[in-house]
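Quick caveat, the model's predicted, so the values are computed rather than measured.
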2 protein chains.
Amino acid sequence: MNISTKVMGRLARYRALLTDYFPKEKTHIFSHDLAAMMGLSASQIRRDLMCLGYFGVPRYGYEISELVKHINNVLDASKLHHVAVVGAGNLGRALMTFLESRRATLKIVAAFDDDPDKANRVLNGVPCFHMDLVEEVVKRDDIRIAILCVPGAVAQRVTDLLVKSGVKGILNFAPVPIRIPVGVVLEEIDLTSALERVAFFTNNRANAPKEKRHADR
Amino acid sequence: MNISTKVMGRLARYRALLTDYFPKEKTHIFSHDLAAMMGLSASQIRRDLMCLGYFGVPRYGYEISELVKHINNVLDASKLHHVAVVGAGNLGRALMTFLESRRATLKIVAAFDDDPDKANRVLNGVPCFHMDLVEEVVKRDDIRIAILCVPGAVAQRVTDLLVKSGVKGILNFAPVPIRIPVGVVLEEIDLTSALERVAFFTNNRANAPKEKRHADR
DNA sequence: GAAACGATGTGAAATCTTTCACATCACAAG
DNA sequence: CTTGTGATGTGAAAGATTTCACATCGTTTC
Ligand SMILES: NC(=O)c1ccc[n+]([C@@H]2O[C@H](COP(=O)([O-])OP(=O)(O)OC[C@H]3O[C@@H](n4cnc5c(N)ncnc54)[C@H](O)[C@@H]3O)[C@@H](O)[C@H]2O)c1
Ligand SMILES: NC(=O)c1ccc[n+]([C@@H]2O[C@H](COP(=O)([O-])OP(=O)(O)OC[C@H]3O[C@@H](n4cnc5c(N)ncnc54)[C@H](O)[C@@H]3O)[C@@H](O)[C@H]2O)c1
């Protein structure tokens with residue numbers, strides 16, 4: 001079964017909803033309830049769940065604990081990933097605090113910055129190193145993933161260093177596209193253009209994307 | 001011409017690249033150069049640019065200043081939007097600082113928080129009000145767009161208040177899906193699931209989305 | 001000016017994603 | 001046991017996005 005990026009992302013969100021924001025006393029859920037909560041169609045939910053190898057029972061819906069277990073399974077949630085935040089500025093530090101309390105399998109083990117004032121300290125619960133030590137620490141701590149929060153002007157240079165040091169996945173917040181060799185995974189988050197999208201569709205209703213449906217009939 | 005969300009987002013990123021990170025001495029650009037920089041195919045670039053009503057010239061490519069002008073035009077960049085940050089915590093304050101220096105047409109005019117310590121002060125250059133004043137200030141300052149940075153548990157409640165007050169677009173960072181009435185535009189940014197996507201494809205090469213192409217032949 | 005070149009613009013094909021529609025199933029009720 | 005109900009799982013249609021392929025055109029060169 002080949003899971004697309006989109007399905008993958010939605011599965012992660014289903015899981016977050018079910019584990020973090022769902023009343024504990026509920027043991028089962030219907031596709032259309034999940035759909036209403038997510039703002040998607042019920043058939044899309046069912047289609048997504050097909051690739052889990054877990055099947056709900058008609059009339060009862062999906063058993064939540066089983067569903068979560070199977071999502072974990074498909075998303076490889078047993079593997080622990082070591083993550084580094086690169087660039088311990090405002091955004092980087094906010095992310096450190098935020099992610100600390102989140103999925104146990106994604107552990108932030110280090111931060112890097114080229115500002116000497118930030119190195120050799122513990123920032124927001126994370127040991128922060130100078131950029132000179134990237135290669136050494138990445139190898140020593142088996143860091144596979146980097147969250148890139150450095151200014152756009154140096155983003156490509158820092159990326160090249162990270163890749164050279166052995167990082168296999170990068171989540172880029174710098175508002176510039178960066179290039180990576182094949183074999184490395186890249187996800188870009190461009191907050192400015194997200195905000196611009198909202199602004200555009202806000203006063204341009206005609207072009208707005210089709211309404212999200214909340215049911216299936 | 002009907003512009004999809006995806007095209008819209010890419011146009012914003014082309015513009016950012018051309019205005020912020022492109023050598024000033026260059027006056028023209030080819031679709032395949034832009035493509036290489038963005039990590040997309042040249043034909044996709046050309047297809048996206050088709051909806052601008054501006055045409056490049058064969059052999060010379062696109063004139064950058066004209067291109068930017070036409071993107072501005074399509075994205076309605078002349079209109080000034082008033083934006084509020086709701087929830088002046090770590091993320092909210094990082095965003096205030098960051099967005100201040102960005103597009104002039106998206107102006108952060110207020111922040112809101114229910115912590116009395118944060119109200120009635122200027123935080124990161126933005127006046128911060130208590131949540132009790134949302135309705136009044138949104139109307140007074142004609143705030144159309146809200147950036148939602150409150151804890152997930154209260155996100156829906158705060159959203160309802162914002163919509164009631166007249167906000168027309170919401171950029172949601174809380175890691176829960178929120179529901180809005182039709183007529184309001186919503187964009188969700190889920191950093192946790194973005195990070196999980198990176199982690200997944202990092203040790204699951206087989207399922208990785210197709211390589212981005214950098215050329216057209 | 002004519003020919004060659006090397007880029008664009010775009011119809012059509014290919015691919016990816018979502019939705020529809022309905023057979024099927026497990027349980028509840030009679 | 002039989003029937004009715006209201007879910008699921010899924011083939012196939014519809015829709016959206018991306019890529020291919022090539023006609024076309026402005027520039028350069030001869
Ligand atoms: N703050 C936000 O809300 C926000 C939102 C979206 C995107 N971004 C982007 O994220 C990045 C960081 O934003 P920020 O607000 O945290 O900025 P910031 O200035 O607060 O932090 C940048 C950090 O990077 C460090 N740095 C600079 N050069 C470096 C180098 N060569 N190697 C290592 N570290 C280096 C600096 O010392 C600083 O600590 C920027 O690219 C910004 O555009 C920020
Ligand atoms: N920090 C991050 O990097 C990050 C990343 C992704 C998502 N998020 C999400 O963004 C939101 C904010 O994150 P944060 O790190 O800034 O948290 P934070 O705790 O630093 O800030 C939350 C702010 O919201 C305010 N608040 C609480 N209840 C409120 C209410 N009812 N009305 C108005 N304001 C209220 C608090 O006073 C606080 O200032 C959370 O939902 C978080 O999950 C944060």
Quiz prompt | Between dA21(D) (P) and H32(B) (NE2): distance, integer Å | solution = 19 Å
Quiz item: Between D48(A) and I29(B), which has a closest nucleotide on DNA chain C that is more 5'?
Solution: I29(B)
Quiz item: Roughly, in whole Å, what's the span from CG in L52(B) to P in dG9(C)?
Solution: 10 Å
Quiz prompt | Donor-acceptor contact below 3.5 Å, side chain E187(A) vs main chain L195(B) | solution = no
Quiz item: When you check the phosphate oxygens OP1 and OP2 of dC20(C), does a side-chain N or O of S43(A) lie under 4.0 Å from one of them?
Solution: no
Quiz prompt | Partners passing ring-ring contact (aromatic ring centres under 6.0 Å, His included) against F173(B) (at least two apart in sequence or in another chain) | solution = none
Quiz item: Does anything in residues 4-18 of chain B pair up under salt bridge (charged side-chain N to carboxylate O under 4.0 Å, His left out), and if so which pairs, sequence neighbours excluded?
Solution: E188(A)-R13(B), D190(A)-R13(B), E196(A)-R15(B), R10(B)-D48(B)
Quiz item: Considering only side-chain heavy atoms of S41(B), which listed nucleotide, dG9(D), dT8(C), dT19(D), is closest?
Solution: dT19(D)
Self-check item: ring-ring contact (aromatic ring centres under 6.0 Å, His included) contacts in which one or both residues fall within residues 5-30 of chain B, not counting sequence neighbours
Solution: H28(B)-Y60(B), F30(B)-H32(B)
Anything under 3.5 Å between a protein N or O and an N or O of nucleotides 11-13 of chain D, put it in a table, one pair a line.
{"residue": "dG11(D)", "atom": "N7", "partner": "R47(A)", "partner atom": "NH2", "Å": "3.3"}
{"residue": "dG11(D)", "atom": "O6", "partner": "R47(A)", "partner atom": "NH2", "Å": "2.4"}
{"residue": "dA12(D)", "atom": "N6", "partner": "R47(A)", "partner atom": "NH2", "Å": "3.1"}

Quiz item: Rounded to whole angstroms, how far apart are CZ on R46(A) and P on dA23(C)?
Solution: 15 Å
Practice problem: Would you please name every residue forming a side-chain contact (heavy atoms from CB on, under 4.5 Å) with D76(B), sequence neighbours left out? | Solution: N203(A), N204(A), K79(B)
Quiz item: For the pair made of CD1 in I45(A) and P in dT8(D), what is the distance, rounded to whole Å?
Solution: 10 Å
Quiz prompt | Spacing of F30(A) atom CZ relative to dA26(C) atom P, expressed in whole Å | solution = 16 Å
Self-check item: Atom-pair distance (CD on E63(B); P on dA7(C)), nearest Å
Solution: 18 Å
Exercise. Mark up nucleotides 24-30 of chain D, 5' to 3', with B wherever a protein heavy atom is under 4.0 angstrom from a base atom, S wherever such an atom reaches only the sugar-phosphate, and - elsewhere.
Key: -BBBS--
Quiz item: With K164(B), which residues qualify under side-chain contact (heavy atoms from CB on, under 4.5 Å), at least two apart?
Solution: E135(B)
Quiz item: Who are the side-chain contact (heavy atoms from CB on, under 4.5 Å) partners of A94(A), not counting sequence neighbours?
Solution: N90(B)
Quiz item: Okay, side chain of N124(A), backbone of T97(A): is any donor-acceptor separation there less than 3.5 Å?
Solution: no
Quiz prompt | Among dT17(D), dT10(C), dT8(D), the one nearest K6(B) by side-chain distance | solution = dT17(D)
Quiz item: Could you give the NE2-to-P distance, from H28(B) to dT8(C), as a whole number of Å?
Solution: 11 Å
Practice problem: Write down the distance between CG (L49(B)) and P (dT8(C)), rounded to a whole number of angstrom. | Solution: 9 Å
Quiz item: Starting at the 5' end of DNA chain D and moving along, which residue's nearest nucleotide shows up first, Q44(B) or G61(A)?
Solution: G61(A)
Self-check item: Shortest side-chain distance from Y62(B), nucleotide among dT19(D), dT8(D), dT8(C)
Solution: dT8(C)
Exercise. Could you tell me which residues satisfy side-chain contact (heavy atoms from CB on, under 4.5 Å) with V158(A), sequence neighbours excluded, listed by chain and number?
Key: V86(A), M131(A), L148(A), V150(A), V154(A), L162(A)
